[in-house]
Amino acid sequence: MSERAGHAVVLLAAGSSTRLGQPKQLLRRDGETLLRRAARSALETGPEVLLVVLGSNRSVYQAALQDLPYETVINENAASGMASSLQAAASHVAGHAQVLVLVSDQPALSTAHLQCLLEGARRSRSGCAATRLQGLAGVPAVVPGDWFDALPQHAANAGFRARLRALADDALLLLPAGGLELDIDTPQDLAHARALGLLDP
């Protein structure tokens, strides 16, 4: 049984953006960095704590967040994949009933989407909710805090993906993506997002 009824947020932002060639976290929409926009949207859901997982080059990202209430978690092994960032945050969130997990490179992210995930997770049989990406469960997602105690030690980039996708269809909320299929991994993704008006030129 989780000890704390309120929700926590884990914002994954430790990636090095190797394929893009520039920090995706610092791309801007309406003058605001994607990192700050994701953090602000998460804070608007009223979490008990917002944890931002950063890599070793943290100072430039912390500057983008300096006016927001959050806690930094450093993942020195960020190059090994998403699971290592979740593991870095695990001890901070395992006691929460709900943990909202999101990334910083989805320019269509909205507070309304995050609120719907939290509400859907509270109603679902598994306590989980996820975003439907290409028909499958993806992030942003809400999972019980105790899932962080049993993270797989293999499949570094999988995170909770396999466990979410193994749930029965009627056991979790799968929320339509509403544009969140577009994340920014490559220069082609960046050009597409700008063409759609989702990122500043």
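We use all heavy atoms of the structure for the numbers below, so side chains are in, but hydrogens, waters and symmetry mates are not.
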inquiry  = Just so I know, are the side chains of P144 and H96 near enough to count as touching, which here means a heavy-atom distance under 4.5 Å?
reply    = no
Side-chain heavy-atom pair P47, L100 within 4.5 angstrom cut-off = no
key: With sequence neighbours excluded, residues passing side-chain contact (heavy atoms from CB on, under 4.5 Å) with Q62   = L54, R58, Y70, T72
query = Looking at residues at least two apart in the chain, or sitting in another chain, which of them share a side-chain contact (heavy atoms from CB on, under 4.5 Å) with R40?
reply = E32, R36, R37, E44
query = Honestly curious: do V99 and L102 fall in one hydrophobic cluster under the side-chain, below-4.5 Å linking rule?
reply = no
task = For L164 and A130, work out which heavy atoms get closest and say how close.
result = CD1-CB, 4.3 Å
task = Please collect all salt bridge (charged side-chain N to carboxylate O under 4.0 Å, His left out) contacts where either partner lies in residues 80-89, sequence neighbours excluded, each pair once.
result = none
message = Between L43 and T111, does the side chain to side chain contact (heavy atoms under 4.5 Å, CB included) criterion hold? Intermediate values first, please.
response = CA-CA 9 Å; L43 286 168; T111 302; over 6 Å; no
key: Those residues that, when tested against A177, pass side-chain contact (heavy atoms from CB on, under 4.5 Å) (two or more places apart)   = T131, L133, L180, E181
remark   = Heavy atoms of G127 and S124 approach each other most closely as N-OG, 3.1 Å
message = How close do T33 and A64 get, counting heavy atoms only, and between which atoms?
response = OG1-CB, 3.9 Å
ask   = With a 4.5 Å heavy-atom cut-off, do V142 and Q98 have their side chains touching?
value = yes
query = Are V10 and F160 connected in the hydrophobic side-chain network, where two residues link if heavy atoms are under 4.5 Å apart?
reply = yes
key: For T18, all residues meeting side chain to side chain donor-acceptor pair (under 3.5 Å), sequence neighbours excluded   = S16
query = Is there side-chain contact between L199 and I184, with heavy atoms separated by less than 4.5 Å?
reply = yes
request  = State, without any angle test, whether S84 and N77 hold a side-chain donor-acceptor pair at a distance under 3.5 Å.
outcome  = no
query = Does R19 have any salt bridge (charged side-chain N to carboxylate O under 4.0 Å, His left out) partners at least two apart in sequence or in another chain, and if so, which?
reply = D185
inquiry  = Among residues at least two apart in sequence or on other chains, which ones pass side chain to side chain donor-acceptor pair (under 3.5 Å) with S104?
reply    = none
For P140 against Q106, the heavy-atom pair lying closest together = CD-OE1, 3.4 Å
message = Do L51 and W147 land in one hydrophobic cluster if side-chain heavy atoms of ILVMFWY residues count as linked below 4.5 Å?
response = yes
request  = Work out which heavy atom in A13 is nearest to a heavy atom in V52; give both atom names and the distance.
outcome  = CB-CG1, 4.4 Å
inquiry  = Within this structure, what is the OG-CG distance for the pair S41 and L109, rounded to the nearest 0.5 Å?
reply    = 5.0 Å
query = Once you round to the nearest 0.5 Å, how far does CZ of R165 lie from CG of L174?
reply = 9.5 Å
request  = Kindly write out the residues that satisfy side chain to side chain donor-acceptor pair (under 3.5 Å) with D105, not counting sequence neighbours, or none if the list is empty.
outcome  = K24
ask   = Does R163 reach the side chain of L167, with side-chain heavy atoms less than 4.5 Å apart?
value = no
task = Would you check if the side chain of S126 reaches a backbone N or O of A171 as a donor-acceptor pair within less than 3.5 Å?
result = yes
Sequence neighbours excluded, every pair satisfying side chain to side chain donor-acceptor pair (under 3.5 Å) that has a member inside residues 189-201 = T186-D189
Pairwise side-chain contact, Q22 with L27, heavy-atom cut-off 4.5 Å (strictly under) = yes
key: Beyond-backbone contact of S91 with F148, side-chain heavy atoms, under 4.5 angstrom   = no
Partners passing salt bridge (charged side-chain N to carboxylate O under 4.0 Å, His left out) against R125 (at least two apart in sequence or in another chain) = D170
query = So L12 and L86, side chain to side chain contact (heavy atoms under 4.5 Å, CB included) or not? Walk me through it.
reply = CA-CA 8 Å; L12 304 174; L86 294 171; 4.1 Å; yes
key: Note, V73 side chain near H92 side chain (heavy atom, < 4.5 Å)   = yes
message = For T45, give me all partners under side chain to side chain donor-acceptor pair (under 3.5 Å), at least two apart in sequence or on another chain.
response = H7
query = Do the side chains of V49 and L114 join up, straight or via other hydrophobic residues, at under 4.5 Å, putting them in one cluster?
reply = no
message = Same cluster or not: V139 versus L117, using hydrophobic residues (I, L, V, M, F, W, Y) connected whenever any side-chain heavy atoms lie under 4.5 Å apart?
response = no
task = For A39, check side-chain contact (heavy atoms from CB on, under 4.5 Å) against everything at least two apart and list the hits.
result = L11, L50, L65, L68
